[in-house]
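Working notes, beginning with the structure itself.
All values derive from a computational prediction rather than experimental measurement. In each ligand, atom 1 is the first atom listed, and ligand 1 is the first ligand listed.
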Amino acid sequence: KQKLAIFASGTGSNYDAIHEAIQTGELEAELVLLVCDRPQALVIKKAADNGLPVFVFNPRDYSTKADFEAEIVKQLKKAAVEWIILAGYMRLIGTVLLECFEGRIINIHPSLLPAFPGLDAIGQAFDAGVKVSGVTIHYVDAGMDTGQIIAQQAVAIKPNMTRPALQSAIQLVEHELYPRTIQQLLTQGE
Ligand code: GAR
């Protein structure tokens, strides 16, 4: 089984979905590490409750991104990580991680990229008044949400839909699409 690390900064609902898919056998992989850049994030407790090793760091304790990424790489190598799964990791990946894990870092983003990259994609789509948004899973490169697209799924924004309702609809799609897409990636070429 291939070894995955999840990087997350927040609530961890995508972490939960991936963990759950591994439990049910829908995703054949091994989760070996959670990397989190926010010591107060909810996802840390979720991982700890599942017995998953967690590497938490505060970027402010390091003088540069290269410094904290070098420490992350050390942790990833120790755990023999093969794939990095970004799940609400709200930080651009730098050259240290990109060079060590080239082509093996994927991200989920709550819009149909290239529309609405960056922060608060759901709010951006809502405010723009578009009738369709959705979810994108893509390889990570040095840009912001610019890497090659792997999978997308549309979500209709119905008349009178509230912003929280749109967020729920998008997250529902994320929790199904992310584990399924990871499974396809891992079994590709087998
Ligand atoms: C998810 O909706 C994910 O697509 C988004 O953050 C949320 C994290 O939720 N990611 C981005 O916006 C990346 N630019 P979660 O912590 O409950 O999984």
Does any N/O atom on Tyr89 come nearer than 3.5 Å to any N/O atom on ligand 1? no

Which heavy atom in Met161 sits nearest to a heavy atom in Phe126, and how many Å separate them? O-CE1, 3.3 Å

If you round to the nearest 0.5 Å, how far is CG of Leu31 from CD1 of Ile22? 4.5 Å

Is any side-chain heavy atom of Phe101 less than 4.5 Å from a side-chain heavy atom of Ile93? no

Can you list the atoms of ligand 1 that are under 4.0 Å from a heavy atom of Gly12? 15 (P), 16 (O), 17 (O), 18 (O)

Any heavy atom of Met144 closer to ligand 1 than 4.0 angstrom? no

Considering heavy atoms of the protein only, find what lies nearest to atom 6 (O) of ligand 1 and give residue, atom and distance to 0.1 Å. Gly88 CA, 3.7 Å

Taking all non-hydrogen atoms of both residues into account, name the closest pair between Ile44 and Pro39 and its distance. CD1-O, 3.4 Å

Minimum distance, heavy atoms only, to atom 13 (C) of ligand 1: which one of His175, Glu174, Gln171, His109 is it? His109

Between the side chains of Glu82 and Lys3, is the shortest nitrogen-to-carboxylate-oxygen separation below 4.0 Å, so that they form an ion pair? no

Reference residue Pro110; test side-chain contact (heavy atoms from CB on, under 4.5 Å); the match among Gln124, Gln171, Glu174: Glu174

Which residue and non-hydrogen atom of the protein lie closest to atom 17 (O) of ligand 1, and at what distance in Å? Ser13 OG, 2.6 Å

Heavy-atom neighbours of Gln23 CD exceed 12 at 6.0 Å: yes

Counting each atom of ligand 1 from 1 as listed, which ones have a heavy atom of Ile108 under 4.0 Å away? 4 (O), 10 (N), 13 (C)

Sub-4.0 Å atoms of ligand 1 with respect to non-hydrogen atoms of Thr11: 16 (O), 17 (O)

Residue-ligand contact Pro110/ligand 1, heavy atom below 4.0 Å: yes

